[in-house]
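Worksheet: one structure, shown below.
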Amino acid sequence: MALEKATFEAILPSRFIALTFPNPNHSTSHLRIAVLDSPGHPFDPPRVAAMFVPEHRESDWIFCTEPGHLQLLLNSPGISRLILVGNQPENSRPSPPIYRRPVKNDMSYGLKVSLRPLFLALSPKSCFKHGIPEVPILSYEDNVICSVVLGRFVGSLVGEMLVEDVEIEVESGGGRCSNREFRRRLRFKRMPNLIQTEVRIVPKEGFNSNSVEIGEVDFRPDNEVLVHPYLAPMVASLRLINSRIEERIRGGFRPKALCLGVGGGALLAFLKTQLGFKVLGVEEDEDVLGVARQYFGLEDSELLKIFVGDAMEFFEKVAIRSGGRNASSFNGHEVENGTEMDDVDAEFDVIMVDLDSCDARNGVSAPPLEFRRKHVLLAARSILSDNGILAINVIPQSSAFYETMKCDFLEVFSELYEIDVGNEENFILIAMASPVMSSISDCESSFLTKLRKVISGAFMDSIKKI
């Protein structure tokens, strides 16, 4: 790609340019160089950094798409321009069907030194105010040891998506990474750095997890445990209404949960199988549901039903119907198990919201901005039982945004609680339809005992009132 000399002399917010460059260490191969400027106002002087793509991951959406590049940039505080360097996929060795993390990266120290003049040439003029700038080399690290893509799909609304099995390192005592686990993941191309769904997988009968490798045997999903970081804290919110749930169970009724955002269905399956809930999920893209049924063990039944439609509209239409007005204009439609508006309960003990923003340029955030609107929150409260709760996965864009969101919720709900997931990203906001009242003590609640068996007590004990 031929470029004018002045192309990179200034930071232009959100500008993305990809080009090929001869590999100075291998005369017959080329490198892919991608340059992205931050969407925000540049620092003065701006800071430029470079990052080398891990070998054999050149085709991973994290590294080969603009949204993935953007997330790498946004996760690098203070950087105004990020230069991404990797082998040109079509000119390098074909990536193996199974990725295995190399012992060392082929992007050697010598190559980094050889490319320093290029990094300086790609730096804006203002970087040279006080002499020749230092262009730091950032490293990309994750816990993936091995991975294989099981399938690629296109959703009518979410766009391209993939399912992959991965072997990962899991921290053991003292912060050491000595244990390994197998997981299945769902990712969307529009937000490639965000894992939409993650479940534990185990080898099918006849194999031991300690003696198998990715690609050697078939795996099946294990939905008896929640491994996605924020799902267990979300379920821990039920601690606040354990007496309400206990009363329903003792009265011969199943507690009812509404889950907005289904993904692979891990949360829904867990609530049904481990805690005995009757669950209704709402998902806007039916193609996502097809993937969930095929790869993540999602099964429709009398106790787990799925409705296809927009979550915000669903809220409002159920609220209208519960108020005795006509909701026939709802644009959702029936799914395999016959879930129509007339079959939907008008009241739930818990609503769990796991919806993220679709706009990669604002960074990973949740829930969508629309969820802060007062009429949406009022609709949510109207379909909660008297002692019900609304639990929401929140990835705030900023601390100011998060504080404003809390104020919005307190205008509608009686009490607000919070769980800090502890990963410096997710928080669980828990809104109460009524103040917490307990008619059955914790020690008398068999539901609380069950909850503590399947969810870490640390999350339940970390619930904080706002």
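The first residue in the sequence is number 1, and the count goes up from there. Remember, predicted model here, so these are calculated numbers, not experimental data.
Side-chain atoms of Arg381 come within 3.5 Å of backbone atoms of Val412 as a donor-acceptor pair (strictly under, hydrogens ignored). The closest donor-acceptor contact from the side chain of Glu283 to the backbone of Gly263 lies under 3.5 Å. Looking only at distances, a side-chain donor or acceptor of Glu216 sits under 3.5 Å from a matching main-chain atom of Glu213. Of the possible donor and acceptor atoms, none in the side chain of Asn426 sits under 3.5 Å from a partner among the backbone N and O of Tyr230. A donor-acceptor pair is defined here as one N or O able to donate and one able to accept, closer than 3.5 Å; such a pair exists between the side chain of Ser434 and the backbone of Asp386. Judged by distance alone, the side chain of Arg184 and the main-chain N or O of Tyr295 form a donor-acceptor pair under 3.5 Å. Not one N or O on the side chain of Asp60 forms a donor-acceptor pair closer than 3.5 Å with the backbone of Phe63. With hydrogens and angles disregarded, a donor-acceptor distance shorter than 3.5 Å links the side chain of His69 to the backbone of Leu82. Put simply, the side chain of Glu415 never gets that close to the backbone of Pro435: no donor and acceptor are under 3.5 Å apart. Of the possible donor and acceptor atoms, none in the side chain of His56 sits under 3.5 Å from a partner among the backbone N and O of Pro102.
When side chains are defined from C-beta on, Leu416 counts as touching Leu429, because their heavy atoms get closer than 4.5 Å. Side-chain contact check for Asp356 versus Gln196: some heavy-atom pair is nearer than 4.5 Å. In this structure, the side chains of Val202 and Phe219 stay at 4.5 Å or more apart for every pair of heavy atoms. In this structure, Val225 and Phe270 have side chains that are not in contact, with every pair of non-hydrogen atoms separated by 4.5 Å or more. Side-chain contact between Ile389 and Leu384: absent, with no pair of heavy atoms (C-beta onward) separated by less than 4.5 Å. Counting heavy atoms from C-beta outward, Val288 and Met161 have side chains that approach closer than 4.5 Å. Val217 is not listed as a side-chain neighbour of Lys204, based on a closest heavy-atom distance of 4.5 Å or more. When side chains are defined from C-beta on, Ile62 counts as touching Arg57, because their heavy atoms get closer than 4.5 Å.
Between atom CG of residue Leu448 and atom CG of residue Leu238 there is a gap of 10.0 Å, rounded to the nearest 0.5 Å. The distance from atom CG of Asp310 to atom CZ of Phe315, rounded to the nearest 0.5 Å, is 11.0 Å. With rounding to the nearest 0.5 Å, the separation of CG in Leu73 from CE in Met51 is 9.0 Å. Taking CG of Asp354 as the start and CE of Met234 as the end, the distance is 5.5 Å to the nearest 0.5 Å. Of the inter-residue distances, the one linking Ile168 atom CD1 with Asp142 atom CG reads 9.5 Å to the nearest 0.5 angstrom. Expressed to the nearest 0.5 Å, how far CG of Leu267 lies from CG of Leu260 amounts to 10.5 Å.
Contact check on Arg293 versus Asp300 returns a salt bridge, with a Lys/Arg side-chain nitrogen under 4.0 Å from an Asp/Glu carboxylate oxygen.
Contact detail for Arg190 and Pro192: the closest heavy-atom pair is C-CD, 3.6 Å. Nearest approach of Ile455 to Met460, heavy atoms of both residues: O-CE, 3.6 Å. Closest non-hydrogen pair, Asp349 versus Pro255, comes out as OD2-CA, 3.3 Å. For the residue pair Ala391 and Ser237, the shortest heavy atom distance occurs at CB-OG, 3.6 Å. Here the shortest heavy-atom pairing between Leu268 and Gly281 reads CD2-CA, 3.7 Å. For the pair Glu66 and Ser14, the tightest heavy-atom approach, listed with the atom from each and the gap, is OE2-O, 3.9 Å.
If you check the side chains of Ser156 and Glu286, you find no donor sitting under 3.5 Å from an acceptor.
Applying the ring pair (Phe, Tyr, Trp, His ring centres under 6.0 Å) test to residues at least two apart or on different chains, the pairs with a partner in residues 400-419 are Tyr402-Phe427. The stretch residues 218-227 participates, sequence neighbours left out, in these side chain to side chain donor-acceptor pair (under 3.5 Å) pairs: Arg200-Asp222.
With a 6.0 Å radius and a threshold of 12 heavy atoms from other residues, nucleotides or ligands, Glu299 has its CD atom at or below the threshold.
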(message) Before you tell me yes or no, could you show the steps for Trp61 and Asn193 under side chain to side chain contact (heavy atoms under 4.5 Å, CB included), namely the whole-Å CA-CA distance, both residues' side-chain angles and the distance that decides it to 0.1 Å?
(response) CA-CA 8 Å; Trp61 288 337; Asn193 314 61; over 6 Å; no
(request) Might you work through the salt bridge (Lys or Arg N to Asp or Glu O under 4.0 Å) test for Glu169 and Arg180, ending with a clear yes or no? (result) CA-CA 5 Å; Glu169 293 174 325; Arg180 66 175 191 163; over 6 Å; no
(request) Using the salt bridge (Lys or Arg N to Asp or Glu O under 4.0 Å) rule, take Asp165 and Arg185 through it: C-alpha gap first, then chi angles, then the decisive distance, then the call. (result) CA-CA 6 Å; Asp165 283 352; Arg185 292 174 170 176; over 6 Å; no
(request) Give the C-alpha distance, both sets of side-chain angles, the deciding distance and a yes or no for salt bridge (Lys or Arg N to Asp or Glu O under 4.0 Å) between Lys406 and Glu403. (result) CA-CA 5 Å; Lys406 292 176 186 177; Glu403 292 305 314; 3.2 Å; yes
(request) Carefully, step by step, assess Val291 and Val163 under the rule side chain to side chain contact (heavy atoms under 4.5 Å, CB included). (result) CA-CA 8 Å; Val291 170; Val163 177; 3.4 Å; yes
(message) Quick one, Glu167 with Arg100, criterion salt bridge (Lys or Arg N to Asp or Glu O under 4.0 Å). Give me CA distance, side-chain angles, the key distance, then yes/no.
(response) CA-CA 9 Å; Glu167 179 185 345; Arg100 299 189 190 281; 5.5 Å; no
(message) Determine whether Glu370 and Val376 satisfy the following criterion, side chain to side chain contact (heavy atoms under 4.5 Å, CB included), listing intermediate values before the conclusion.
(response) CA-CA 8 Å; Glu370 296 87 343; Val376 174; 5.6 Å; no
(request) Start with the C-alpha distance between Ile392 and Ile428, add both sets of side-chain angles, then the distance that settles side chain to side chain contact (heavy atoms under 4.5 Å, CB included), and finish with yes or no. (result) CA-CA 5 Å; Ile392 309 170; Ile428 305 300; over 6 Å; no
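Note on ring orientation: taking the six-membered ring where Trp is involved, the planes of Phe307 and Phe314 are tilted (angle from 30° to 60°).
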Show me the donor-acceptor pairs within less than 3.5 Å that the side chains of residues 143-154 make with the rest of the protein, sequence neighbours left out.
none

